[in-house]
Amino acid sequence: MRSRRLLVLLALLPVWLLPLVGATGASAAGPVSQSLRFTTSDGVSLAATLTGQSPLTSRPTVVEFSPYGRNSQTLTVGPNYNFLLVQDRGTGDSDGQFDAMGRRMQQDVQETLRWACSQSWSNGALALNGFSASAILAYNAMHEPLPCVKAAIMKSGTSDLYRDLLVPGGISNIVPGAGVLALIGAPALEQGADRLQRNPSSSLDVMRGLFTSGLDAGLLHPTLDAWWRQRAFRGAAQPIPVLIIDGFFDVESRGAFQMYQALKGDGAHLMVVGGHDGAPAGTDDGVAEAGRWLDHYLRGVDNGVQADPRVQMFLSEGDRKAYLAGDFVRRDATDWPVPRTTWASLHLDPTKSGSAHSLNDGSLSLQPPSRIAVQSYPAVPSLPTSADVPNAAIVDAAGFDKVTDALPILSDMRLAESVGLTYTTAPFARAVDTVGPADLDVPLSSTTPGGPIWAVLSDVAPDGSTHPLTVGRLSTAFPKVDESKSLHDSSGRLVQPYGDYSVRESAGPLGVRTYHVEFWPIGNRFLAGHRLRLELVGASAASLPSLPGLNRVHVGGPDGAVLRLPVLPGSDLAAALR
């Protein structure tokens, strides 16, 4: 199954949301499987596969809802559990219309769990498992009572389809969106012959659902309206302890941190170790922790998992590829953001740093620079393999890393920044751990109404190689922030803006406004001798194309652009930059 999806990925080039398979100790005797079907309250027949140790007797059962057809289970459990894989409506060999994780699919989750709880192969203790699309659906359905669910394991899922994956910052992430639909459509087509024999009329529903979902998500709902709000986490109807696993470079990383904050009162734990792009060598991608989680909450095993650190993080040391090769730092915490984190204010300074080859090689300063300047750069598409960190990671995981290894200029930011603006610190005198959400407050005007602001934070090695760590994205059509949902530091400064994407508001040509650009959480140790660089470049070519334009940034002085960077307790940024 994984090989088939990899071939689809390579054929389509950027097809991002490929589920991975972990193992928590399959039985040496091997499992057996049984095909099942369940009919929902509106008469739609869903395909399912039950897997477990023979004979399939009453056991705790892990349930996963997947749009990727048969054999798309993303967790292997041991002989003490059964596993039920349910194919989402309108996908694989299930009837009905796919509706992009909307209300009807959320009701399917509730109804299927109620049915599964009463079957002879279930002992009444269920757990939800999800990875990517299956995690998104589970999060979206949590506002419904979920019968018999005692725990959940969620990996790389979003809490909000609009802002976390498909339209981050109000900028359409169209290529990954198209890739998702391709991955969903492929097994529906592959299993089409079975459907035609069983229920010929359902094939039209399947095609209609995929087409309308793509049209709705891609074109018909550019603002965060009621359609999108149905496809986001809306609270939990019951306390469910959730183990949340994701990585700092994952294509859906923001959602994991948001879901931990929403569910920590119910016992959630967060493990930042890997996702679509894989896990660092020397780690197990959270597999052992997932097994302990199930053993404790479904079987009552007193293994102490609930006392493990609430937040476990594996930080990079300047380079995503080196991170995957095993170059990481382990940090644990009691909460997210990490308690006693401070956000340093780094001001964009027109003074040249002498370290970059860009349209303006500026600096990042701890004090507001007295010199004031207006600096311009063209808002033209940038290279996704470097400037688009979340999407680059999943493409590399699909095999494109062979290309970027051979041609490192494709993943290094130096090519992208040659037509952008850069702002760089002095070399750090000592190591600094930067972990948490970040914010860029930037006064800016654009010749293109609704044009994109695209910002990248990178680690610059002593040899000048520039490795992207995280990205901030914002359409200039969305200047407003919901202060009540935004994160502020102890001084009241905005450090994680929660953008208001409900209404587009154009500033008009050359109208200057201050924009608050949210960076997805960063988790990196800047080693001594390294630098931090902020790059302002054109939007990734993986985004919906916009008219090219010219962006003008106001830097320097007390009202100039400033970056709020999270610094962990124990790190002294001011001392490191002396």
Side-chain angles (χ1 to χ4, degrees), residues 1-9 11-12 15 17-19 32-51 56 63-74 83-116 118-119 121 132-134 136-138 140-141 177-220 227 230-231:
M1 182 67 181
R2 182 183 290 184
S3 298
R4 185 182 76 245
R5 287 192 181 158
L6 182 56
L7 290 173
V8 173
L9 251 164
L12 293 169
V15 174
L17 300 184
L18 178 65
V32 295
S33 296
Q34 177 182 341
S35 296
L36 304 171
R37 298 200 74 86
F38 167 68
T39 302
T40 64
S41 61
D42 64 345
V44 168
S45 175
L46 304 181
T49 304
L50 178 69
T51 304
L56 290 170
V63 185
E64 180 170 5
F65 295 82
S66 172
Y68 297 119
R70 63 171 69 99
N71 302 324
S72 59
Q73 175 177 331
T74 63
F83 196 103
L84 181 70
L85 176 70
V86 183
Q87 299 179 45
D88 293 337
R89 66 168 52 216
T91 71
D93 190 28
S94 288
D95 297 341
Q97 291 189 39
F98 181 75
D99 76 341
M101 318 301 179
R103 181 179 178 184
R104 184 55 253 190
M105 290 179 65
Q106 296 162 21
Q107 291 176 343
D108 290 347
V109 171
Q110 182 188 53
E111 293 176 9
T112 305
L113 292 172
R114 182 178 296 112
W115 164 77
S118 63
Q119 300 305 298
W121 36 263
S132 191
S134 48
I136 295 170
L137 179 57
N140 289 356
V180 172
L181 277 181
L183 278 179
I184 293 172
L189 180 63
E190 178 190 1
Q191 296 176 233
D194 296 338
R195 186 185 299 102
L196 282 172
Q197 293 181 5
R198 181 181 50 78
N199 184 4
S201 63
S202 68
S203 296
L204 183 60
D205 285 338
V206 172
M207 290 187 291
R208 184 186 299 115
L210 292 173
F211 176 78
T212 56
S213 291
L215 194 62
D216 281 330
L219 297 174
L220 297 183
W227 190 87
Q230 277 195 348
R231 290 153 177 83

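FYI, side chains are in, hydrogens and waters are out, and symmetry mates aren't considered; it's all heavy atoms of this structure.
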Show the numbers, then the answer: is there a side chain to side chain donor-acceptor pair (under 3.5 Å) between Gln97 and Thr212? CA-CA 9 Å; Gln97 291 189 39; Thr212 56; 4.6 Å; no
Given side-chain contact (heavy atoms from CB on, under 4.5 Å), test Asp194 with Arg70 step by step and report yes or no. CA-CA 12 Å; Asp194 296 338; Arg70 63 171 69 99; 2.6 Å; yes
Start with the C-alpha distance between Met105 and Asp88, add both sets of side-chain angles, then the distance that settles side-chain contact (heavy atoms from CB on, under 4.5 Å), and finish with yes or no. CA-CA 7 Å; Met105 290 179 65; Asp88 293 337; 3.6 Å; yes
Val86 and Asp108: side-chain contact (heavy atoms from CB on, under 4.5 Å), yes or no, with the steps? CA-CA 10 Å; Val86 183; Asp108 290 347; over 6 Å; no
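In this structure Leu189 satisfies the side-chain contact (heavy atoms from CB on, under 4.5 Å) test with no other residue, sequence neighbours excluded. With sequence neighbours left out, the side-chain contact (heavy atoms from CB on, under 4.5 Å) criterion links Ser201 to Asn199. The side-chain contact (heavy atoms from CB on, under 4.5 Å) search around Thr49 returns Ser33, Thr51, not counting sequence neighbours. Under the rule for a salt bridge (Lys or Arg N to Asp or Glu O under 4.0 Å), the partners of Asp42 that lie at least two apart in sequence or sit in another chain are Arg89, Arg104. In this structure Phe38 satisfies the ring-ring contact (aromatic ring centres under 6.0 Å, His included) test together with Trp115, sequence neighbours excluded. Partners of Ala47 by side-chain contact (heavy atoms from CB on, under 4.5 Å), not counting sequence neighbours, listed by chain and number: Arg37, Gln87, Asp93, Ser94. Thr91 pairs by the side chain to side chain donor-acceptor pair (under 3.5 Å) definition with nothing, not counting sequence neighbours. In this structure Gln106 satisfies the side chain to side chain donor-acceptor pair (under 3.5 Å) test together with Arg234, sequence neighbours excluded. Looking at residues two or more places apart in sequence or on another chain, you find no side chain to side chain donor-acceptor pair (under 3.5 Å) involving Arg103. Under the rule for a salt bridge (Lys or Arg N to Asp or Glu O under 4.0 Å), Asp99 has no partner lying at least two apart in sequence or in another chain.
At a threshold of 4.5 Å between non-hydrogen side-chain atoms, the residues Ile184 and Tyr68 count as touching.
Taking CG from Leu36 and CG from Leu85, the interatomic distance works out to 11.0 Å, rounded to the nearest 0.5 Å. Leu84 contributes atom CG, which lies 8.0 Å from atom OG1 of Thr112 (distance to the nearest 0.5 angstrom).
The minimum heavy-atom distance linking Pro187 with Pro67 is given by the pair CG-O, 4.1 Å. Shown here for Leu56 and Trp121, the closest heavy-atom pair between the two residues is O-CB, 3.9 Å. Smallest separation of non-hydrogen atoms from Leu196 and Ser203: CD2-OG, 3.5 Å. Of all heavy-atom pairs spanning Ser134 and Phe65, the tightest one is CB-O, 2.7 Å.
Salt bridge annotation for Arg231-Asp216: absent, with no cationic side-chain nitrogen under 4.0 angstrom from a carboxylate oxygen.
Side-chain contact check for Ser41 and Gln107: no donor-acceptor pair (N or O, by modelled atom type) lies under 3.5 Å.
Of the possible donor and acceptor atoms, none in the side chain of Gln191 sits under 3.5 Å from a partner among the backbone N and O of Gly69. For the pair Ser213 (side chain) and Phe98 (backbone), a donor-acceptor distance under 3.5 Å is present.
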